[in-house]
Amino acid sequence: MIRHTIIELVRSGISAAQAAGALPAFEIPQIEVSHPPKPDMGDYSSSLPLKLANVVKRPPLQIAQTIAKHIPANDAIGKIETAAPGFVNFTLAPAWVSLEVTRILAAGARFGDVNLGEGKRAQVEFVSANPTGPLHIGGARNAAIGDTLARVLDAAGYKIEREYYINDAGSQIRHFGASMYARYAQAAGLDVPFPEDGYKGAYVAEYAQEVLARDGRKYLDMPQPEATRRLGRIGTDLVIAQVRSTLERMQVCYDTWFSEKSLYDSGLFDKVLKMLGDRSLLYESEQATWFAATKLGLEKDAVLIRSPQIIPNPEERPTYLASDVAYVWNKLVERKFDRVIYVWGAGHHGDVPRVFAVAQALGLDTARIQILLYQNVQLTRGGERVTMSKRGGNFVSTDEVLDEVGPDALRFMLITSSANAAMDFDLQLAVQQSNDNPVYYVQYAHARIAGILRNAAAQSITVTDGNTALLQHPSELALIKQMLKLEQVVEFAATKLEPHHLTHYALELARAFSGFYDDCPILPPKQTDADLMQARLALVRAAKQVLARTLDLMGVTSPETM
RNA sequence: GCCCGCGUAGCUCAAUCGGAUAGAGCGUUUGUCUUCGAAACAAAAGGUUGGCGGUUCAAGCCCGUCCGCGGGCACCA
């Protein structure tokens, strides 16, 4: 990657200057290379001389000049300049830039890959919403962030597995079952009261009717607890099927749907509980079992198993944290992932230190765990809050948003802002804006290129490799340079776990293409030079490929026509 | 009360671990189509980066302190 090349050139320049006695000896710090604010200043720049001023005790500009003078020649670099107060600026060599088109085309659909992960296995666990109702907009943000992150990490050289953790072990399943039972009995014509703490959403009644139509009245003939349990199971299966289909509409597919309940059925929970006990991190208080988190520096201890007085049913006594203990062991030890990434709503941030504490307590390397938090999405309609509680009803599902806005625009909107910024999602505005959503600007560039290639075929033009060295127009070079940036965007997004950089890159790339398209005729009759036509066709094919890859990294489609 | 996130153009958001004149999209204004897709291009207007103080060559970013918004501090999930 060109950015790394330049970093190494700066390093060589410093070393050479030191060897020549032009700079004193010092340990070279980490070298940052970024882009100057204006293109005429160059393509890449380093502010390292400013940082070295304290160490070297010389004016930064003088340091910059000394380093610049000692940087070895390189085919990729056309010009090295220094600028006040102490920058070293690099301009890429046009001849080198234009030939990079060939490399981009050769890399094909995998252009943009970087090898950070070296094939290590990473799991991204995301969404994992309770299976008690359709996916809401917060779940959609989770899906967009998690899946894009998975795609980016895949491009960054990790072997990725996507996982949905199904919370099928808690008391919410029983509540959901009771709600299902009530709606089912009501649908069968019985006057049955709806539970106080039930799930009031209309979807429960829809599921109940579905069951009644399919299985008849048979659940009314069995003891109510039995019927509630079975209807709960049936209901969650229906919910999961619906959630799965919603996620598929969003281009999200999982490798594993992992059952929380299986952590108990397999005996794993008992095993890790004993491990915590062996390390004297458990104690009983008022018939509940506590994890001594304060021994690991946390502010409070936390309950793992609640007391029988409060929770009669033994299966419902373990808390979320209890499952998390077994789950983190399952991920890191039983399934041996090198890295695991959790994507959580920020409402769970209080649980973060506890997960790290239990991992530490189990003797696991916490550096393998990362928990990415995203702030809430507030759904509004015309500026007014829309409630999103599954139990409260009055619920706008992701399916409805998808119906109105479409998956491409939805995904793009949900990853445009950084995860730790809360966002308002106004339905009215989203529908209104969906037609001039930025995502269409990017897709339009792609469709336009497809149109050019169709046009070339219609003119019976045989596409050859082309001599890309002919691409020397400023707009051509700007487009190629923009394409080359994809590699560093992938690297950056993967390193920082910040998928939102992709949307901004995609817009810049589409803009660079549009500028080129406006300035540079490609096909006859506007273009009369056959060699230049072939070179530009090569450029256009490369641009199409990079646009498609960028969109694909976001889970957005690349249309041939719009 | 304590903890976490946020506050940037009218709106939605960026800003590559502290770098150069804070950038895009939408909206507004003005130009550009009898031929490769005008869902486009070119340009303009729009900012005391919530306030005040501090750290240093340099602060939207770090520190302190206020103000405002959201979230968390359960034997809830």
Side-chain angles (χ1 to χ4, degrees), chain A residues 3 30 32-38 41 45-47 50-51 53-54 59-60 83-87 89 130 132 167 170-173 175 197 285-290 299-300 302-311 317 319-320 345-352 373-376 378 391 413 416-426 429-430 432-433 435-441 443-445 447-456 459 488-489 491-493 495-496 498 500-501 503-504 507-508 510-511 514-515 517-527 533 536 540 561-562:
Chain A
R3 190 168 156 271
Q30 184 167 352
E32 293 298 332
V33 165
S34 61
H35 305 280
K38 298 279 178 197
M41 298 173 176
S45 88
S46 176
S47 63
L50 288 159
K51 298 186 168 87
N54 281 336
F87 294 98
N89 292 340
N130 275 347
T132 53
N167 300 116
S171 58
Q172 80 277 7
I173 299 299
H175 288 124
D197 46 5
S285 173
E286 303 190 16
Q287 295 191 14
T289 303
W290 291 71
E299 279 187 19
K300 291 181 184 175
V303 172
L304 283 176
I305 304 175
R306 289 170 281 173
S307 66
Q309 291 105 316
I310 294 171
I311 310 290
R317 279 177 211 150
T319 60
Y320 251 34
H348 293 97
H349 80 259
D351 299 326
V352 172
L373 299 173
Y374 63 92
Q375 295 294 323
N376 284 349
Q378 176 60 55
R391 293 200 187 191
M413 283 188 245
T416 294
S417 42
S418 88
N420 48 13
M423 60 182 291
D424 278 336
F425 192 95
D426 193 295
L429 218 58
Q432 191 184 318
Q433 287 190 347
N435 283 330
D436 43 37
N437 191 283
V439 73
Y440 298 119
Y441 179 78
Q443 290 182 316
Y444 180 70
R448 239 180 176 181
I449 296 173
I452 294 165
L453 297 177
R454 278 193 300 274
N455 193 321
Q459 294 189 40
Q488 73 194 54
V489 170
E491 177 185 65
F492 191 68
T495 305
K496 310 245 328 180
E498 290 180 349
H500 71 272
H501 298 289
T503 58
H504 299 278
L507 288 169
E508 284 171 21
R511 191 171 306 116
S514 296
Y517 176 86
D518 202 56
D519 293 340
C520 301
I522 301 156
L523 295 177
K526 282 189 173 177
Q527 180 54 258
M533 176 192 75
R536 285 184 174 165
V540 148
T561 58
M562 287 175 73

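Hydrogens, waters and symmetry mates play no part in the numbers below; they use all other heavy atoms, side chains included. Since the model is a prediction, treat every value here as computed from it, not as a measurement. Chain identifiers are assigned alphabetically (A, B, ...) following the order of the sequence lines, protein sequences preceding nucleic acid strands; residue numbering begins at 1 within each chain.
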Could you tell me whether A/Gln459 contacts a base, only the sugar-phosphate backbone, or nothing, with contacts defined as non-hydrogen atoms closer than 4.0 Å? nothing
A/Arg3 vs A/Glu491, test: salt bridge (charged side-chain N to carboxylate O under 4.0 Å, His left out). Steps then yes/no. CA-CA 11 Å; A/Arg3 190 168 156 271; A/Glu491 177 185 65; 3.2 Å; yes
When all nucleic acid strands are considered with a 4.0 Å heavy-atom cut-off, which category describes A/Ile522: base, sugar-phosphate, or nothing? base
What's A/Tyr444 touching, base or sugar-phosphate or nothing? Going by heavy atoms closer than 4.0 Å. base
If you look at every strand shown and take non-hydrogen atoms under 4.0 Å, does A/His500 touch a base, only sugar-phosphate, or nothing? sugar-phosphate
Find the distance between NE2 (A/His35) and CD (A/Gln488) and round it off to the nearest 0.5 Å. 4.0 Å
Stacking here means centres under 5.5 Å and planes under 30°; does A/Tyr440 stack on B/A39? no
Base, sugar-phosphate, or nothing: which does A/Glu299 touch, judged by heavy atoms less than 4.0 Å apart? nothing
Does B/A20 have OP1 or OP2 under 4.0 Å away from a side-chain N or O of A/His35? no
Would you mind pulling out the nucleotide paired to B/G70, Watson-Crick or G-U wobble, both distances under 3.5 Å? B/C4
Find the partner of B/A59: check Watson-Crick (N1-N3 plus N6-O4 or O6-N4) and G-U wobble (N1-O2, O6-N3) distances, both under 3.5 Å, and reply none if neither fits. none
Separation of A/Asn376 CG from A/Asp424 CG (nearest 0.5 Å): 10.5 Å
Looking only at atom C1', what distance separates B/C13 and B/C6, rounded to whole Å? 13 Å
Which part of the nucleic acid, if any, lies within contact of A/Ser417, taking any heavy atom under 4.0 Å across all strands shown: a base, the sugar-phosphate backbone alone, or nothing? sugar-phosphate
All N/O pairs under 3.5 Å across the protein-nucleotides 49-51 of chain B interface:
none

Can you check whether A/Val439's main-chain N or O pairs, donor with acceptor, with A/Asn437's side chain at less than 3.5 Å? yes
Mind checking if A/Thr416 touches a base, just sugar-phosphate, or nothing, with heavy atoms under 4.0 Å? sugar-phosphate
How far does the P atom of B/C62 sit from the matching atom of B/A20, given to the nearest Å? 16 Å
Given B/C36, B/C73, B/A20, the nucleotide with the shortest approach to the side chain of A/Ala83: B/A20
Please give the distance between the P atoms of B/C11 and B/A58 as a whole number of Å. 33 Å
What about A/His349, does its side chain sit under 3.5 Å from the base of B/G72 through a donor-acceptor pair? no
The side chain of A/Ile310 is closest to which nucleotide in this list: B/A20, B/C73, B/C76? B/C76
Assign each of A/Val33 and A/Gly347 the nucleotide of RNA chain B bearing its closest heavy atom; nearer the 5' end lies the nucleotide of A/Val33
Toward the 5' end of RNA chain B, by each residue's nearest nucleotide, A/Arg511 or A/Lys496: A/Lys496
G-U wobble or Watson-Crick pairing nucleotide for B/C26 (cut-off 3.5 Å, both distances): B/G10
Take A/Ile310 and A/Arg317 through the test side chain to side chain contact (heavy atoms under 4.5 Å, CB included) and record every step on the way to the result. CA-CA 9 Å; A/Ile310 294 171; A/Arg317 279 177 211 150; over 6 Å; no
How far, in whole Å, is B/C61 from B/U8 if one measures between their P atoms? 14 Å
Classify A/Ser418 by what it touches in the nucleic acid, base, sugar-phosphate, or nothing, heavy-atom distance under 4.0 Å. sugar-phosphate
Under 4.0 Å between any heavy atoms, over every strand shown, what does A/Ala447 touch: base, sugar-phosphate, or nothing? Just pick one. base
Determine the interatomic distance between P on B/G5 and the same-named atom on B/G25; round to the nearest Å. 31 Å
With rounding to whole Å, what would you report as the distance between B/U28 and B/G10 at their C1' atoms? 9 Å
Classify A/Ser45 by what it touches in the nucleic acid, base, sugar-phosphate, or nothing, heavy-atom distance under 4.0 Å. base
Rounded to the nearest 0.5 angstrom, the CD1-CD1 distance for A/Ile305 and A/Ile311 is 12.5 Å
Classify the nucleic acid contact of A/Asp519 as base, sugar-phosphate or nothing, counting any heavy atom under 4.0 Å across all strands shown. nothing
Taking any heavy-atom pair under 4.0 Å as a contact, classify A/Ala53: base, sugar-phosphate, or nothing. nothing
C1' gap between B/U49 and B/U35, integer Å: 47 Å
Evaluation steps, side chain to side chain contact (heavy atoms under 4.5 Å, CB included), between A/Tyr441 and A/Ser514: CA-CA 10 Å; A/Tyr441 179 78; A/Ser514 296; 3.6 Å; yes
Take atom NE2 of A/His348 and atom C1' of B/G5, then tell me their distance rounded to the nearest Å. 16 Å
May I ask which nucleotide in the shown strands pairs with B/U65, Watson-Crick or G-U wobble, both distances under 3.5 Å? B/G51
Less than 3.5 Å between a donor and an acceptor, one on the side chain of A/Ser514 and one on the base of B/C41, is that the case here? no
Looking at B/C36, which nucleotide sits across from it as a Watson-Crick or G-U wobble partner, both distances under 3.5 angstrom, or is there none? none
To the side chain of A/His501, which of B/A15, B/U16, B/C75 is closest? B/A15
Given the rule in the side chain to side chain contact (heavy atoms under 4.5 Å, CB included) test, do A/Arg454 and A/Thr561 qualify, once you have shown the distances and angles that lead to the verdict? CA-CA 10 Å; A/Arg454 278 193 300 274; A/Thr561 58; 3.3 Å; yes
Applying a 4.0 Å non-hydrogen cut-off, can you work out what A/Tyr441 is touching in the nucleic acid: base, sugar-phosphate, or nothing? sugar-phosphate
Out of B/C17, B/C36, B/A38, which nucleotide sits closest to the side chain of A/Gln30? B/C17
Spacing of CE belonging to A/Met41 relative to CG belonging to A/Asn89, to within rounding of 0.5 Å: 7.5 Å
Assign A/Arg3 to base, sugar-phosphate, or nothing according to its heavy-atom contacts below 4.0 angstrom with the strands shown. nothing
In whole Å, what separates the P atom of B/G23 from that of B/A44? 13 Å
What I'd like to find out is whether the side chain of A/Pro521 reaches to under 4.5 Å of the side chain of A/Arg536, using heavy atoms alone. yes
